[in-house]
Amino acid sequence: MSMKLPNFFIVGAPKAATTSLYNYLGQHAQIYMSPIKEPNYFASEMRFENFVAEVRPRIAEEMRALQEYLRGDMRQKRFGGLVSTWEDYLKLFSNVTDEIAIGEATPCYLWSETAARNIAARIPDAKIIINLRNPVDRAFSQYLHMVTVGSTRRSFRDQIHANLNCETKLLGPLRPLLEFGCYSEQVSRYLGNFPASQIHISFYEELERAPELVLSKLFSFLGVDPSFAPDRSVRYTVSRIPKFLGARYFLRKLRIWPYLRKLTPQPLVSRLSSLMIRERTSLTMDAADRAFLTDYYRDDIEKLAKLLNCDLSAWLDSSTYNVRGRIVVSARRHRPIA
């Protein structure tokens, strides 16, 4: 029996609802999603030796856990992993049965300079799904995630400056950050490797405003029943902001928290966690930071608007945002390529 290969990819952007899309699509009976979200196989940059030394011990542990997972039945979903061999990658699709659409979601594929070419070389007929988000909000969302997991204790402004002044090309807490939001060249790479008919581009803001319509169009693009309505009651990867950024950072750096969780009774873990978390809205983007990043991305946004023939002017107005910091982008001329 020939091994089934993926025929579509959710390639990004990071922090643009790719986890939600992964879970929504995975509920469809005609769609099979890789049990690992973000296997990273086609992004040649995502290899152990390309990370800074400080994160390598954690990555080594995750890679050992990944190998154990791949030896099992893979019935339980897993988030993240560095799948580096074709043999291991094929295992992710060993449970495919009669599904029409077979896919995986790795949001760094959009940023990667190698992924589009690598996918096209192996699976030239693949369909590509790109979901874009205002790059300013995208960057802040990534920062909130970093705060949540304890990979930074900096303010957002300091994190921006650390990224801009980072001299190493290795991957880690300092980069990529702003690089993820430079969409014009990233989208151009996919347009250069795949026919436009195989690429579907949508927007985070549209998914927030009209999820049923966006998902129906996406299902049609994949050739499955467009009338299916997934359960959207669960919100995925919601940021949990610690009250003490420094304490959370050092717990992660010293790799203490996993051991504390094992040794502490679950009710007490839940209680301690609730005491250490503050409201998400307590950490917001400063207006000056929004203005700085809007100007930083201005040229790229204009290039992207021209490339896609769509109106992205709301992304360029740093004063047009609501209390939750989300730009409301007009859908007048936002059109998927497919």
If the test is side-chain contact (heavy atoms from CB on, under 4.5 Å), which one of Phe9, Tyr190, Phe180 qualifies with Leu110? Tyr190
Between [X] (side chain) and [Y] (backbone), is there a donor-acceptor pair under 3.5 Å?
X      : Y      : value
Thr148 : Leu144 : yes
Thr168 : Leu170 : yes
Asn7   : Ile102 : yes
Asn50  : Glu45  : yes
Asn163 : Gln159 : no
Gln30  : Phe219 : no
Gln198 : Ala126 : yes
Tyr297 : Trp315 : no
Ser216 : Glu212 : no

[X] side chain near [Y] side chain, heavy-atom distance below 4.5 Å:
X      : Y      : value
Met46  : Ser112 : no
Ile31  : Ile100 : no
Leu171 : Val52  : no
Tyr24  : Leu218 : no
Leu293 : Leu178 : yes
Tyr204 : Asn134 : no
Leu5   : Leu90  : yes
Pro124 : Phe194 : no

Taking only residues two or more places apart in sequence, or in another chain, which ones meet Tyr89 in a ring pair (Phe, Tyr, Trp, His ring centres under 6.0 Å)? Tyr41, Phe42, Trp86, Phe93
All ring pair (Phe, Tyr, Trp, His ring centres under 6.0 Å) counterparts of Phe156, not counting sequence neighbours: Phe140, Tyr143
Please give me the minimum heavy-atom distance between [X] and [Y], naming the atom from each residue.
X      : Y      : result
Arg154 : Ala162 : NE-CB, 3.9 Å
Leu177 : Ala139 : CD1-O, 3.9 Å
Pro14  : Pro107 : CD-O, 3.4 Å
Asn193 : Ala116 : ND2-CB, 3.9 Å
Arg133 : Ala16  : CB-CB, 3.8 Å
Pro39  : Ile36  : CD-O, 3.5 Å

Could you grab the distance from atom [atom1] of [X] to atom [atom2] of [Y], nearest 0.5 Å is fine?
X      : Y      : atom1 : atom2 : result
Met74  : Ser94  : CE    : OG    : 3.5 Å
Asn40  : Thr106 : CG    : OG1   : 5.0 Å
Asn23  : Arg232 : CG    : CZ    : 13.5 Å
Tyr22  : Met33  : OH    : CE    : 6.0 Å
Leu304 : Tyr183 : CG    : OH    : 8.5 Å
Gln186 : Glu113 : CD    : CD    : 9.5 Å

[X]: salt bridge (Lys or Arg N to Asp or Glu O under 4.0 Å) partners, not counting sequence neighbours:
X      : value
Glu302 : none
Glu49  : none
Asp299 : none
Lys37  : none

Residues 171-186 vs salt bridge (Lys or Arg N to Asp or Glu O under 4.0 Å), sequence neighbours excluded, gives Arg175-Glu179, Glu185-Arg189
Which salt bridge (Lys or Arg N to Asp or Glu O under 4.0 Å) pairs, counting each pair once, include a residue from residues 67-83, with sequence neighbours left out? none
side-chain hydrogen bond (donor to acceptor under 3.5 Å, both in side chains) involving [X] - partner list, sequence neighbours excluded:
X      : answer
Gln142 : Arg138
Asn131 : Ser202
Asp88  : Gln67, Thr85, Lys91
Asn118 : Ser44

Starting from the C-alpha separation in whole Å, work towards a yes-or-no answer on side chain to side chain donor-acceptor pair (under 3.5 Å) for Glu38 and Tyr109. CA-CA 9 Å; Glu38 302 187 29; Tyr109 284 168; over 6 Å; no
cation_pi(Lys127, Phe221) dist<6.0 Å, angle<=45: yes
Do Tyr69 and Val96 share a hydrophobic cluster, counting only Ile, Leu, Val, Met, Phe, Trp and Tyr and linking them when any side-chain heavy atoms are less than 4.5 Å apart? yes
Starting from Val136, can I reach Met146 by hopping between I/L/V/M/F/W/Y residues whose side chains sit under 4.5 Å apart? no
Starting from the C-alpha separation in whole Å, work towards a yes-or-no answer on salt bridge (charged side-chain N to carboxylate O under 4.0 Å, His left out) for Lys4 and Glu99. CA-CA 10 Å; Lys4 294 291 184 74; Glu99 292 87 356; over 6 Å; no
Is any side-chain N of the basic residue among Arg290 and Asp137 closer than 4.0 Å to the acidic one's carboxylate O? yes
Which is it for Tyr32 and Asn95 under the side chain to side chain contact (heavy atoms under 4.5 Å, CB included) test, yes or no, and what are the steps along the way? CA-CA 9 Å; Tyr32 177 92; Asn95 291 326; 3.7 Å; yes
State whether the number of non-hydrogen atoms from other residues, nucleotides or ligands found under 6.0 Å of Glu62 atom CD is greater than 12. yes
Check the pair Thr18 / Ile129 against side chain to side chain contact (heavy atoms under 4.5 Å, CB included), numbers first and verdict last. CA-CA 10 Å; Thr18 58; Ile129 296 169; over 6 Å; no
Residues Asp300, Lys303; criterion salt bridge (charged side-chain N to carboxylate O under 4.0 Å, His left out); working and verdict: CA-CA 5 Å; Asp300 191 74; Lys303 290 178 183 177; 5.8 Å; no
